[in-house]
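Chain A is the first sequence line, chain B the second, and so forth, proteins listed ahead of strands; every chain is numbered from 1.
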Protein chains: 2
Amino acid sequence: MGKQGSNATKDAEVIAPFQSHVHDHGQCVADAISAAETRCAEDGSSFTPLRREVLELVWSSHGPIGAYELLEKLRDSRRNAAPPTVYRALDFLMEHGLIHRIESLNAYIGCGDPERHHGAQFLICRDCQSVAELDDKAIGRAVTRRADALGFDVEQQTVEVIGQCADCSAREPDDRK
Amino acid sequence: MGKQGSNATKDAEVIAPFQSHVHDHGQCVADAISAAETRCAEDGSSFTPLRREVLELVWSSHGPIGAYELLEKLRDSRRNAAPPTVYRALDFLMEHGLIHRIESLNAYIGCGDPERHHGAQFLICRDCQSVAELDDKAIGRAVTRRADALGFDVEQQTVEVIGQCADCSAREPDDRK
DNA sequence: TTACGTATGATATATTATAACATTCAGAGT
DNA sequence: ACTCTGAATGTTATAATATATCATACGTAA
């Protein structure tokens, strides 16, 4: 499978696993861009060079990345990029389901499955900052079940879990404060 | 029951319901303060006048409130309060489980059940900004089950649900964009 | 009384995000 | 080709949120 880091079958619950340290980075960025092209073509939205470039930068970081860090990198190719340059692109990418915002980090990350609308949950490793993107139906259902019971109409769920990933616990067993 | 807006029995799953518009506000603030005193006395931490005052302000707002809004109010009684004044107090209150931070709003809210350690989920009404605090075991379990399956060790869960509360949907039925 | 730790005061600055207005540019209709 | 329009981007300024750092106060234990 050419697309490392994604197992986007119709109802996958793990959208993007923690990144193994060895993988074809260039390929997974390229795959994300091409999925974005498809998606934007489908909804007739314009995937401009700027937006493409920002999406590439998000994917290249391969983990959550802040808007101002993106801005710095963007300036390599666009000397006069300013905060709105980046924020507008990020807004576009979020509206079109190409990236997610991680609220608890004020950061952004590529969506592992832009072809499909889905809820999302994130497991965030406090040590290596890697992130796994999930679309766990059981979590989503548990939330909506309780919300329904209270007459609350759910529009958007933010589920972000901080902890330690398997690799990092293996590396420093039981070394938690 | 003196404590309106709280049904903190041992394993309540709704910690604090949406606020009814009529309730004894003064009483519920007073109850929160007295619960905080108890809690701090128990762990030997010092519940200073400043920290008390900030907690009172958080509860008085009876909904999520931002740090700088708190700062303004705090200045009524402390002319030279500065951002660190507020942020230190907020940090203390969070560390001691007396308030929660709502990541998706950059805001703070009183914890409805400070006597007890618990996970928390929030239902946030996009119209009236009221918030319900939950401790839904099914949600928490769904999260940890999936995390376990991936070898991820959960330390902290952030679950924030945006939508429309029952009162507001009754008020403007089907008026969603 | 001194020494120490905790809390607060005070000043400056970092970080994240948006407002507002100007310019460019591609495509639709003429 | 011309012009109108709307979307995208450029540009400047500022808002909103949060932290770093050093100074001062104050209680308390030695």
Might you list the N or O atoms of the protein lying below 3.5 Å from N or O atoms in nucleotides 24-27 of chain C, with each pair's distance?
none

Say you draw a straight line from CG of B:Leu57 to CG of B:Leu70; how long is it, rounded to the nearest 0.5 Å? 6.0 Å
Could you tell me the separation between the CZ atom of A:Arg88 and the P atom of D:dT12, rounded to a whole number of Å? 13 Å
Return the CG to CZ distance between B:Leu134 and A:Phe152, rounded to the nearest 0.5 Å. 9.5 Å
Residues pairing under salt bridge (charged side-chain N to carboxylate O under 4.0 Å, His left out) where one sits in residues 43-69 of chain B, two or more places apart or in two chains, turn out to be B:Glu37-B:Arg52, B:Arg39-B:Asp43, B:Glu53-B:Arg78
Minimum heavy-atom distance between B:Cys28 and B:His62, given as atom pair plus value: SG-CE1, 3.1 Å
Can you give me the closest heavy-atom contact between B:Ala142 and A:Asp136, atom names plus distance? O-OD2, 4.4 Å
With A:Tyr87 via ring pair (Phe, Tyr, Trp, His ring centres under 6.0 Å) - residues at least two apart: none
Between atom CZ of A:Arg75 and atom OG1 of A:Thr85, what is the distance when rounded to the nearest 0.5 Å? 8.0 Å
Considering only heavy atoms and no angle criterion, is a donor-acceptor pair shorter than 3.5 Å present between the side chain of B:Tyr68 and the base of D:dA15? no
Whole-Å distance, B:Leu90 CG to D:dT17 P, equals 12 Å
Quick one: list whatever passes ring pair (Phe, Tyr, Trp, His ring centres under 6.0 Å) with A:Phe47, sequence neighbours left out. none
Stretch residues 69-87 of chain A: residues that reach within less than 4.0 Å of DNA chain C through a heavy atom: A:Pro83, A:Pro84, A:Tyr87
Name every residue in residues 41-59 of chain B that has at least one heavy atom under 4.0 Å from any atom of DNA chain D, in order of residue number, or write none if there are no such residues. none
Under the side chain to side chain contact (heavy atoms under 4.5 Å, CB included) rule, collect the residues that match up with A:Gln156, sequence neighbours excluded. A:Thr158, B:Ile162
Mind checking what makes side chain to side chain contact (heavy atoms under 4.5 Å, CB included) contact with A:Ala41, not counting sequence neighbours? none
Heavy-atom check, side chain of A:Asp153 versus side chain of B:Cys168, under 4.5 Å: no
Which parts of residues 93-110 of chain B get close to DNA chain D, meaning a heavy atom less than 4.0 angstrom away? B:Arg101, B:Asn106, B:Tyr108
I would like to know whether B:Val161 and B:Gln121 meet side-chain contact (heavy atoms from CB on, under 4.5 Å); could you show each step before the answer? CA-CA 8 Å; B:Val161 183; B:Gln121 302 99 26; over 6 Å; no
Can you pull out every salt bridge (charged side-chain N to carboxylate O under 4.0 Å, His left out) where at least one residue sits in residues 86-100 of chain A? Sequence neighbours excluded, please. none
For B:Ile99, enumerate each residue passing the side chain to side chain contact (heavy atoms under 4.5 Å, CB included) test, keeping only those at least two apart in sequence or located in another chain. B:Leu55, B:Val58, B:Leu90, B:Leu93, B:Met94, B:Tyr108
Indicate for each nucleotide in nucleotides 24-30 of chain D, in 5' to 3' sequence, whether protein heavy atoms under 4.0 Å reach the base (B), only the sugar-phosphate (S), or nothing (-). -------
Would A:Arg146 and B:Glu13 pass as an ion pair if we require N to O under 4.0 Å? yes
